[in-house]
There are 2 protein chains.
Amino acid sequence: MSVTIKDVARKAGVAPSTVSRVIHGNPKISEETQERVRQAMGVLGYHPNAAARSLARGRSYTLGLMIPNSEDDLFVKPFFIMAMRGLSIEAQRRGYNIMFSFSSGEEEEVSLLKRFVRTNVVDGVILMTSRRDDKCMAFLEEKNCPYVVIGRPESRFLHALWVDNDNVRAMYNLVAYFLKAGRRRIAFLGGPADFSVTRDRLRGYRDALKAHGVERDDSLVFLAPGFQERDGYALAGKILSGAMADAIAAADDFLALGMASYMEERGTILPIAGFNNTMKGSVIRPRLTSVDIQPELLGTRAAELLIGHLEGEDSLPPYSIVETILMERESTDPDFLSGNS
Amino acid sequence: MSVTIKDVARKAGVAPSTVSRVIHGNPKISEETQERVRQAMGVLGYHPNAAARSLARGRSYTLGLMIPNSEDDLFVKPFFIMAMRGLSIEAQRRGYNIMFSFSSGEEEEVSLLKRFVRTNVVDGVILMTSRRDDKCMAFLEEKNCPYVVIGRPESRFLHALWVDNDNVRAMYNLVAYFLKAGRRRIAFLGGPADFSVTRDRLRGYRDALKAHGVERDDSLVFLAPGFQERDGYALAGKILSGAMADAIAAADDFLALGMASYMEERGTILPIAGFNNTMKGSVIRPRLTSVDIQPELLGTRAAELLIGHLEGEDSLPPYSIVETILMERESTDPDFLSGNS
DNA sequence: TTGTAAGCGTTATCAC
DNA sequence: GTGATAACGCTTACAA
């Protein structure tokens, strides 16, 4: 059907192996034959067959991506698609393809992974979330299949590569930012405690207070049952009535937005900031200060790490920390909030 | 390295070809040998190598998915990820994998496609958008590579399979819904005219008026330069001042939401509805009536169509129309709007 | 009903 | 430097 390496060889008057060498830039091929082979490839429009190549090399140059069918509304957040973009672009750059698969729960996720790994369709796997007691990681460890996780894996997964933000530090910085602005009673508004992001960010909050000599007051700490706007809204009353807060550090933009809309209804004005640099936060008034976790860069780094590992670049560390960026906007701008803008 | 068909054959005391036959359910293998082979496969943990299979069969059982790097904010909308979910689940069901690739513009898109197609990594291609004068489709047509498009392709692409909503009809129904509620001066709020969705929905709007004997009045038609909330907001003043509208049919939820927030600021109350059944529309007050275009189902149908075609199910039509669903909510509920709720 | 053997298109190991 | 040639693991006529 399509043109093969033999066709090229014939046309160029060389052996197939020589063509293969030219393709792979083998240095001991004379300039002259190289040129001849290139010509032939060009004329015939040759492109090596991927399946044959995989079979011969024992590598597929393909990565498998599991996309969790999140119970939450994670789908409406652009995190996944952004991370995928980073993954895809980096993979392309390094000559890898990415196969994706949606699961409907951890159970199916593992069985999909099995197909990927056992049939050798993928050289390595990318997991978009790190669960506690993760079955996928357990399987991949057992199979000795290289993988990278977005999020920090449990320490027992010895071969896990991973990328993550430093959530402790990110929240530390946000709180330090408030402290620098003279705030002292900063409320923490987080999601459910069984998410490691929540715990890490709470820790960063406490570390920051401590480091700046502000006494810890747990009546300023609020954990919502979810990450939605309504969750923030629902807690807002409690926060405003009891806590005497003078600033709000939320662990998520939607929590912050829910809180903000409550404050707007009540005419309360407090500096507030969130996480994830969401579109909505950036268009609403006052525009919401937010910590950008750089999802696309997380994807890029994940691909870098996994591919580097597959290519045997051994000196690579097993993880990569992606910096967060504090996007300062009106919601923490004293001038704006006081109407002097 | 891993266990091959030969290992199974040896263990079961048969020829590799027999194992292959068992795998493919060839009917003329005795129950007895079938059982023996199954045993052997189970014990050894055999799983056929995908590359070898592809090579031998001349098919990869893989689909290529191009994700356009949209200039617009299409990324923050869940459309893509939803459609991908439908695609993925249906493909899995039928034994296909999906490879995806992000492009940064049409130029690169074509070159990525070329890699996919020429190296035989994919049996067919899925395009997430239909552009005017689409270079990807032109290439796929030329290469005679099966493909499916989400959105209606230009008629010159003779081999295009496609799935789409009936946008004319969807808007027709929405307008009819307003008419039935006694509205007569219904404003149309659409996006840029060079999008076929805009044109189709405008057509549906006009058809509906005509069919119900309402005279056409183009001073009620407004086209925004984009699909964002601010675009709706920006046009809102004009719509309210000049047009004397008694209802707003918007071609997008975000346009509708922009308009709605303007109305709220002014204390104006008009029934309004949008398209795409966005999360935000469904949580805001009044909750926004919206036409759900069923992105996941669009994906499912696209996969069905393409795979059906690849499998030679010849009686299949070349396209599939996905029904839209009118999600009636408070924003078009007279009782709610008048405060009698 | 089952076995034999020739591909499928590359790569890699020898020779020369 | 380059050419034979044997894998790679599976499928599929063609025999038996």
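Residue numbers start from 1 in every chain, and the chains themselves are labelled A, B, ... in the order their sequence lines are given, proteins ahead of strands.
- Distance from the side chain of A:Lys28 is smallest to D:dG1 among D:dT11, D:dG1, C:dT4.
- Comparing C:dT2, D:dG1, C:dT4 by their nearest atom to the side chain of A:Thr33 picks out D:dG1.
- Between B:Ala52 and B:Pro16, it is B:Pro16 whose nearest contact on DNA chain C lies nearer the 5' terminus.
- A salt bridge links B:Glu323 and B:Arg301; the closest N-O separation between the charged side-chain nitrogens and carboxylate oxygens is under 4.0 Å.
- The interatomic distance linking B:Leu55 (CG) with C:dT11 (C1') rounds to 12 Å, in whole Å.
- We find that CZ of A:Arg57 is positioned 22 Å from P of D:dA6, with the value rounded to whole Å.
- Listed pair B:Tyr46 / D:dC10 meets the phosphate criterion, a side-chain N or O lying under 4.0 Å from OP1 or OP2.
- In this structure, B:Val19 reaches neither bases nor backbone, as no heavy-atom distance under 4.0 Å exists between it and the strands shown.
- Within 3.5 Å, no donor on the side chain of A:Ser20 pairs with an acceptor on the base of C:dA12, nor the reverse.
- Nucleotide C:dC8 holds its P atom 18 Å from the CG atom of B:Asp123, rounded to whole Å.
- The side chain of B:Ser17 approaches D:dT12 more closely than any other nucleotide in the set D:dT2, D:dT12, D:dA4.
- Close to D:dC10, at under 4.0 Å from its OP1 or OP2, lies no side-chain N or O of B:Ser54.
- Listed candidates were D:dG3, D:dG9, C:dT10. Nearest to the side chain of A:Thr4 is C:dT10.
- Between the side chain of A:Arg21 and the base of C:dT13, a donor-acceptor pair under 3.5 Å is found.
- By the 6.0 Å and 45° rule, B:Arg94 does not stack over the aromatic ring of B:Tyr96.
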So A:Glu141 and A:Tyr147, side-chain hydrogen bond (donor to acceptor under 3.5 Å, both in side chains) or not? Walk me through it. CA-CA 9 Å; A:Glu141 289 274 336; A:Tyr147 67 103; 2.6 Å; yes
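- Counted by atom type alone, B:Glu296 and B:Thr300 present zero donor-acceptor pairs between their side chains at under 3.5 Å.
- Rounded to whole angstrom, the span from the NZ atom of A:Lys6 across to the C1' atom of C:dT10 amounts to 10 Å.
- Rounded to whole Å, the distance from CG on B:Asn49 to C1' on C:dG9 is 14 Å.
- Defined by atom type and a distance below 3.5 Å, a donor-acceptor pair is present between the side-chain atoms of B:Gln92 and B:Ser88.
- Atom-to-atom, CD of A:Glu32 to P of D:dG1 comes out at 12 Å; the value is rounded to the nearest Å.
- Atom pair B:Asn26:CG and D:dT11:P shows a separation of 12 Å (rounding to whole Å applied).
- Here the C1' atom of nucleotide D:dG3 and the CZ atom of A:Arg36 are 13 Å apart, to the nearest Å.
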